[in-house]
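Data first, discussion second: the structure below is written as structure tokens.
Protein chains get the first letters and strands the later ones, always in sequence-line order, with residue 1 at the start of each.
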Protein chains: 2
Amino acid sequence: MLSVTTETTSEDLDLLFGALADATRRGIVAQLAIGEATVTQLAAPFSISLPAISRHLKVLERASIITRSKQGRWRSARLTPTSLASAATWLSLHEHLWAERFDRLDDHLARLATEKSTPQTETETERG
Amino acid sequence: MLSVTTETTSEDLDLLFGALADATRRGIVAQLAIGEATVTQLAAPFSISLPAISRHLKVLERASIITRSKQGRWRSARLTPTSLASAATWLSLHEHLWAERFDRLDDHLARLATEKSTPQTETETERG
DNA sequence: GTAACACTTAACATGATGGTTAACTATATC
DNA sequence: GATATAGTTAACCATCATGTTAAGTGTTAC
């Protein structure tokens with residue numbers, strides 16, 4: 001493992017999530033997960049022009065999801081290791097908080113069901 | 001457990017990743033992970049107008065990340081359980097393929113280092 | 001009833017996206 | 001040198017995103 005301790009900025013996440021917010025780009029990533037490929041190869045499954053693909057690749061590159069290299073007249077793209085990590089981390093972090101939150105909600109509802117008293121609007125009470 | 005077996009469409013992922021591709025919206029999600037909140041409360045940390053927040057909330061709602069309800073004159077937002085799951089699944093799936101890919105690459109490089117023979121470009125035989 | 005509050009909707013400006021075709025660069029082939 | 005191939009860049013267009021301010025909708029408070 002390389003263990004590059006890069007700090008993930010908000011802009012990194014913008015670029016990452018933004019890059020993944022497009023079906024064509026996710027398709028490209030899926031193809032690259034199978035293996036390195038050239039632009040024309042990557043373009044094959046889609047019914048859009050090569051320049052369009054070229055720009056999608058640029059978006060993926062800017063988000064550090066892919067790395068590109070030149071060999072002869074072919075440009076090949078490959079996935080960058082650990083590039084999705086920040087996105088995955090953010091998601092898993094929030095999924096955990098989520099889960100906790102719902103545990104607490106369950107708890108809360110259970111308590112309410114038992115006590116069966118005042119209508120709740122925690123707006124003022126617990127957010128400080 | 002609810003276990004809603006909803007098929008995740010490509011558009012779902014577009015909406016999900018798209019919604020998360022904005023720092024303000026991620027900030028809102030982070031706040032909501034702490035607890036349910038009203039629009040004004042959610043707006044507080046940001047220096048943008050309330051209408052802007054209102055629209056961010058609409059984006060999050062469309063992506064099913066949050067659910068909204070009305071109580072009196074307050075609209076409260078809360079996180080939707082499992083809503084991030086599809087995004088997380090997609091990411092983890094591709095992270096795995098990724099990892100495999102790099103294992104194979106390592107292997108490949110190791111073999112190359114040992115054999116030290118023909119330059120590789122499976123597309124067509126060429127020289128540089 | 002009227003005023004304040006908590007929003008949302010409307011109308012608008014502006015910049016980013018995503019697509020196109022045409023032209024350009026660079027490499028390979030004849 | 002001429003031509004084909006692989007891809008990018010340029011110019012353009014339509015649509016969407018994000019922000020603004022101003023006006024509108026309900027709801028609470030006086």
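Taking hydrophobic clusters as Ile, Leu, Val, Met, Phe, Trp and Tyr residues chained together by side-chain heavy-atom distances below 4.5 Å, Leu57(A) shares a cluster with Ile65(A). Tracing side-chain contacts under 4.5 Å through hydrophobic residues (I, L, V, M, F, W, Y), one never reaches Leu15(A) starting from Trp90(A); they form parts of separate clusters.
Residue Leu57(B) contributes atom CG, which lies 16 Å from atom P of dA17(D) at whole-angstrom precision. Taking atom CZ of Arg75(B) as the reference point, atom C1' of dG26(D) lies 8 Å away to the nearest angstrom. For the pair Ile53(A) CD1 and dA6(D) P, the computed distance is 15 Å after rounding to whole Å. Trp74(B) has its CH2 atom 17 Å from the P atom of dA4(C), to the nearest Å. Rounded to a whole Å, the CG atom of Leu50(A) is 11 Å from the C1' atom of dT5(D). Rounded to whole Å, atom P of dG26(D) lies 18 Å from atom CD of Gln71(B).
Comparing atom distances between the Arg73(B) side chain and each of dT27(D), dA10(C), dC7(C) picks out dT27(D) as nearest. The side chain of Lys58(A) has dT9(D) as its nearest neighbour among dA6(C), dT9(D), dT21(C). Listed nucleotides: dT27(C), dT20(D), dA6(C). Nearest to the side chain of Lys70(A): dT27(C). Picking from dT27(C), dG19(D), dT8(D) the nucleotide with the shortest atom distance to the side chain of Ile48(B) gives dG19(D).
Judged by distance alone, with hydrogens and angles left aside, the side-chain atoms of Thr38(A) form no donor-acceptor pair with the main-chain N or O of Trp74(A) at under 3.5 Å.
No side-chain donor from either of Ser64(B) and Ser83(B) sits under 3.5 Å from a side-chain acceptor of the other. Side-chain contact of Arg75(A) with Ser54(A): a donor-acceptor pair under 3.5 Å is absent, judged by distance alone. Inspection of the Thr67(B) and Glu61(B) side chains reveals no N or O donor paired with an N or O acceptor under 3.5 Å.
Residue Thr38(B) has a polar side-chain atom (N or O) positioned under 4.0 Å from OP1 or OP2 of dC7(C). Between dA6(C) and Thr40(B), no contact under 4.0 Å exists linking OP1 or OP2 to a side-chain N or O. For the OP1/OP2 pair of dC7(C) and a distance below 4.0 Å, the side-chain nitrogens and oxygens of Ser54(B) include no atom meeting the criterion. For His56(B), a side-chain nitrogen or oxygen approaches OP1 or OP2 of dG19(D) to under 4.0 Å. In this structure, Ser49(A) reaches the dT20(C) phosphate: one of its side-chain N or O atoms is under 4.0 Å from OP1 or OP2.
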Could you list the protein-to-nucleotides 11-15 of chain C atom pairs, N/O on both sides, closer than 3.5 Å?
none

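Within residues 13-25 of chain B, the residues approached by DNA chain D to less than 4.0 Å at the level of any non-hydrogen atom are Asp22(B), Arg25(B), in residue-number order.
Scanning all heavy atoms of the two residues, the minimum distance from Ala52(A) to Ile48(A) falls at CB-CD1, 3.7 Å.
Each of Leu84(A), Leu32(A), Leu60(A) was checked for a side chain to side chain contact (heavy atoms under 4.5 Å, CB included) with Leu79(A), and the lone residue meeting it is Leu32(A).
Shown here is Arg68(B), whose CZ atom has more than 12 heavy atoms of other residues, nucleotides or ligands within 6.0 Å.
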